[in-house]
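Have a look at the structure below before the remarks.
Below, all heavy atoms of this structure are taken into account, side chains as well, without hydrogens, waters or symmetry copies. In what follows, chains carry the letters A, B, and so on, assigned in the order in which the sequence lines appear, proteins first and then strands, with residues in each chain numbered from 1.
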4 protein chains.
Amino acid sequence: MSKKDTLVKTAARLFAAQGFDATTTIQIAREARITEPLIYYHFKGKEDLFLHILEKGSDGYLSRMKTLGEGGPVQFKRIEKLITLHFDIVRDMPDETYLIASACPARLRDEGDVCARIAETQRKFLTSYLRDCLKKGMASGEFWKVPVEPTVNVLIALINGLIRQRCLRLEQVRGMKKATIEFCRRSLCKP
Amino acid sequence: MSKKDTLVKTAARLFAAQGFDATTTIQIAREARITEPLIYYHFKGKEDLFLHILEKGSDGYLSRMKTLGEGGPVQFKRIEKLITLHFDIVRDMPDETYLIASACPARLRDEGDVCARIAETQRKFLTSYLRDCLKKGMASGEFWKVPVEPTVNVLIALINGLIRQRCLRLEQVRGMKKATIEFCRRSLCKP
Amino acid sequence: MSKKDTLVKTAARLFAAQGFDATTTIQIAREARITEPLIYYHFKGKEDLFLHILEKGSDGYLSRMKTLGEGGPVQFKRIEKLITLHFDIVRDMPDETYLIASACPARLRDEGDVCARIAETQRKFLTSYLRDCLKKGMASGEFWKVPVEPTVNVLIALINGLIRQRCLRLEQVRGMKKATIEFCRRSLCKP
Amino acid sequence: MSKKDTLVKTAARLFAAQGFDATTTIQIAREARITEPLIYYHFKGKEDLFLHILEKGSDGYLSRMKTLGEGGPVQFKRIEKLITLHFDIVRDMPDETYLIASACPARLRDEGDVCARIAETQRKFLTSYLRDCLKKGMASGEFWKVPVEPTVNVLIALINGLIRQRCLRLEQVRGMKKATIEFCRRSLCKP
DNA sequence: GATGAATGAGTGTTCATTCAT
DNA sequence: TATGAATGAACACTCATTCAT
């Protein structure tokens, strides 16, 4: 692995674990076994490095989201795939996913901020995906009649709650993926 | 309101909005219209002020949790009350609730840290409360048979996801409380 | 003992043990079991308190010096009394004596400084006292012929060295007073 | 001279002149014509810089002490060399020597403190050296019979008193070295 | 690509001191 | 006499960043 890659990975790990402000450039350099100025050779600065990680993470997240496709007649299958995919993403890139899901209010409210843009993109994707599923499922009689927007948001909250929970690796209960899917299935699908 | 109270409220707002590290003592002082040393007259330091807010918040959260009681034969009523209460708590003390729900991984993994202790206390309470509801509800035939521990964790993830979502005040969709309750009811209760 | 007296005694002890700068007003207040503003009721400030202690100490030192008188035909008796008196003074008011003997170079070089004035007073007294003894002793044949000024300074260095040594209470060797006197007697007096 | 060397020399001068607590990092930086953070690039902090100076000073002092050797049949020659060497050391490194000889009681009583360790090392060396001289000199009939330990301490007090006196550069009397040696010779040696 | 030395701007914190009571 | 609350000025120290090589 190149020094640059080590740098980026180390920084991602530290940013995720401690937050942007609590992570110092000297700490990143030491843990990546490089010297501080090298950070500035590869990136404009600490903020730039952070944004690079965030954007790469967001790209990875979205490109995997796009593999979901438009598809299929059974709407709950689509929701199931969405949930499954999130469990996979968290497993494959926990630091980046955590960073996307954990920006602080101040950054999220600042429309110019990259964090806000990324969180907004994720939210928009999830919203339109889930809205589509719900509407089609309700239209075809697969789902119960539910208020669309609030229910979409409940599902997004659930997904984000699970992302945080799994990234923290605190409650390592087995069977979470299945339980989540079944929890949603019973709530949404008619028998 | 005394200067100390203003100080604590301002600090809570800023810590919640920006995070602990991004909030400086001089900023707290300015926004609370006091001078910096007064922080150190009332608290041992920035960390101590932060922990004071956290502990007070945790106390408030838990004391409201305890009002739920052991209560009632209908288990879903209890879950409904739990959800309702969280919506109320977030409305009444959004900063404190957000802080409790948003500690960074490094602090949560450090067992000696107050954040970890508080998050653990919250999690333990929710776990035992929900576990009790589920078990009793399943035993009485009120609920479907579900795997207890995973489902408890799904519900906790949902609650924490909602806390974050509402504290961020980003997706101000109406009808969230009702949608959440109905989402859970359809998932758990037999028709 | 009045609060003021406790304050002064405590301050003297702390100043002597830690130095002026390392001793804080809050520490003085706490150890004297009073509150900080009371210091400012009795004294203009920390510096004023320090100078009060120093001047009182100097007064005490000088008034005891003056008990030595002009006196007697045997000059070594006078030197012996001087040495004995210093041992007594150190025993009776170790903090004050230490403070007089331990001012830092910067203060001693600053002619306006009280420390400089007090040290100068002490030095002048010792110089003229010892010079007188040596001259008379040499004139009468009691002492060997020695160069006056250098020898006076050797004696002063010895006295100040002993003051420091005893105030630090590190080398608690018995028989120091007698050894000092005999050391000087053998050096000065003809057999 | 490198910036680091200038820094160390300037700091030594200021610490010696004003004491550790009265010397600020900004003052050191200004007088050394460097910026404050450079202190922290080369040393862990102000205390670390101070201890570095102290240890270097102690090393220099002790290495010169060790040049005295075990040496020679005439014991007073050895004492004379010891006194001469101290005059030379004070002339060559007055700041460091003063710092070694002027630690405050609080530091000297704290066994963990570097100042205490260094002062103890100096004292032990002088004690054993002088004790050896006195014993041998008394055994061979070169010296009068004197109580060893107290007399050793008188000599140490005299040496330390002279160090302070000369470092303060207040009483610039000529002929001090010779007067000191002759003072001791008359006191110790039989005619 | 890589680094040792260096810095401007700012941080949390402490201090002697004052004020209102 | 006595104090709880408050502050201006300064402190040691750290940070992200740059420069010369």
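- A side-chain donor-acceptor contact under 3.5 Å links A:Q122 and A:Y61.
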Which dot-bracket string fits DNA chain F when only Watson-Crick or G-U wobble pairs with both atom distances under 3.5 Å count, crossing pairs get [ ], and | stands for a partner on a different strand?
.||||||||||||||||||||
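- Within residues 23-46 of chain D, the residues that place at least one heavy atom under 4.0 Å from DNA chain E are, in residue-number order, D:T35, D:P37, D:L38, D:Y41, D:H42.
- A distance of 16.0 Å separates CD1 in A:I28 from NZ in A:K9, rounded to the nearest 0.5 Å.
- The existence of a salt bridge linking B:R117 and B:E55 is confirmed by a sub-4.0 Å separation between a basic side-chain nitrogen and an acidic carboxylate oxygen.
- One interatomic measurement links the two molecules: CD of C:E47 to C1' of E:dC15, which rounds to 15 Å at whole-angstrom precision.
- Side-chain atoms of B:E31 and B:T10 form no donor-acceptor pair, as typed in the model, at a separation below 3.5 Å.
- D:F43 carries D:K4 over the face of its six-membered ring, with the cationic atom under 6.0 Å from the centre and within 45° of the normal.
- Under a 4.0 Å N-O distance rule, the pair A:R107/A:D113 qualifies as a salt bridge.
- If you take CZ of D:F50 and C1' of F:dA12, they are 16 Å apart, rounded to a whole angstrom.
- As a whole-Å value, the separation of B:K4 NZ from F:dA5 P is 8 Å.
- The nearest whole Å value for the distance from the CG atom in D:L7 to the P atom in F:dC13 is 13 Å.
- Using a 4.0 Å heavy-atom cutoff across all strands shown, C:K3 reaches sugar-phosphate atoms only and no base atom.
- Considering only residues two or more places apart in sequence or on other chains, B:D110 meets the salt bridge (charged side-chain N to carboxylate O under 4.0 Å, His left out) condition with none of them.
- At least one side-chain heavy atom of A:L14 sits under 4.5 Å from a side-chain heavy atom of A:Q27.
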